[in-house]
A.B. asks: 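One structure coming up, written as structure tokens, with questions to follow.
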Amino acid sequence: MYKGNKIGVIIAAAGNGSRMGRLLPKQFINIEGEPMLAKTYKAIANSDIVDSIFVVIKEEHDVYWRELVIPHLDNAHLDKLGGLLYGGDERQESIYKALISIENKATGLEYIMIHDGARPFIDQKTLERVASATIEYGAAIPYVKPKDTVRNNERTLDRNELMLVQTPQGFKLQLILKAYKVAYMQNIIGTDDGSLAEHIGVLPTMVRGSDYNIKITTPSDIKDDFRIGKGYDVHRLIEGRRCILGGVCIPSEKGLLGHSDADVLIHAVMDSLLGAASLGDIGHHFPDTEERYRGISSIKLLEEVKDLIEKYGFKVGNIDATVICEEPKIAPFISEMIINISNSLQIEARRVNIKATTTEKLGFIGRGEGIAAEAICILKTN
Ligand code: MG
């Protein structure tokens, strides 16, 4: 409740984000370590002003909502979720569907603020200015002044008259519902919610926005985000098995025991990649209880890990790995291992480094009972 009023927020996140030029829709790209939509949602849910939040996404993005966004939200955030709605092809259609759903649910909300999912840096002060003016005047829009000189083909425009419009835009629920209904009936497409209100004769009150409240649209709007990941694995050495390391079959009396080809190096590399992407571990993705993974080449699994991290918007920065073993000697095979790994990840060989060390005959590795491998990697999101 804010000054005795119930306020809801619609977060519009049903776009394709095609201008980002990525596989992952932009509202789910990592910004400062969390998916954009999670960051936007939390900024709003953390506000005492807001009673209830309605998130509009594309139906086919539901998996991203569940797997990428939800893990970043705690119970207090989720308590404010009034509904997850599936939008239409255009923003206006999506918002209209959300408004109708809010009306039909009889939520008791008197005011609605409509916010772009791609504005994750919304701050409490802007929310408060919009909410306060919305309650007082029925409609309010935040703006900032252009920093650049703006001109059209004929002349330089008077900068004092220009305002760059942001969100959230706030309205009395009944007012914005009417604006959307009229727009629907008259087939009017507006560039934002305020322009639809304007079309029914309502002039929203302009309030100060924030220079930080940018709309993330193109790759230049976000900084590189780096994620570090670590992997570690051990396999037992036994007679009668092949010794596969880094996808290379190394001449050896003994080989590694495991459900797959037991390529301990590739397992450590895969775990580091999954770890950096916050996607769990290889046991989760390739359980050794599954028959289809029996004897499988781990290099093939590495290709699947590559597809997975790409799906979530990550690229490999670099990988550094260490194989820890007494026998066999692996140094002559390292360059081939690097080629295998870089080929299956489709990255340049210079991004992969492999080292080998012993344990000075100490412990199970020193006794030749097993081989361990460690890997560390950096993933980039841009
Ligand atoms: Mg393993």
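Atoms within each ligand, like the ligands themselves, are counted from 1 in listed order. FYI, the numbering just counts along the sequence from 1.
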A.B. asks: Answer yes or no as to whether an N/O/S atom of Asp263 is found below 2.8 Å from the Mg ion (ligand 1).
C.D. replies: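 Under 2.8 Å: Asp263 has no N, O or S contact with the Mg ion (ligand 1).
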A.B. asks: Only N/O/S atoms count here: what is the atom of His267 closest to the Mg ion (ligand 1) called?
C.D. replies: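 Minimum-distance N/O/S atom of His267 relative to the Mg ion (ligand 1) is ND1.
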A.B. asks: Is there a donor-acceptor contact under 3.5 Å linking the side chains of Ser47 and Gln124?
C.D. replies: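 Indeed, the side chains of Ser47 and Gln124 share at least one donor-acceptor pair under 3.5 Å.
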A.B. asks: As a quick check of understanding, evaluate side chain to side chain contact (heavy atoms under 4.5 Å, CB included) for Asn353 and Asn318, giving each step before the final call.
C.D. replies: CA-CA 8 Å; Asn353 188 66; Asn318 74 303; over 6 Å; no
A.B. asks: For Asp51 and Ile7, indicate whether the former's side chain and the latter's backbone hold a donor-acceptor pair under 3.5 Å.
C.D. replies: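 Side chain of Asp51 to backbone of Ile7: a pair is present.
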A.B. asks: To 10 degrees, how wide is the angle NE2 (His235) to the Mg ion (ligand 1) to OD2 (Asp233)?
C.D. replies: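 NE2 of His235, the Mg ion (ligand 1) and OD2 of Asp233 span an angle of about 90°.
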A.B. asks: Flag the pair Phe171 / Tyr111 as yes when their ring centroid distance falls below 6.0 Å, and as no otherwise.
C.D. replies: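 No, ring centres 6.0 Å or more apart.
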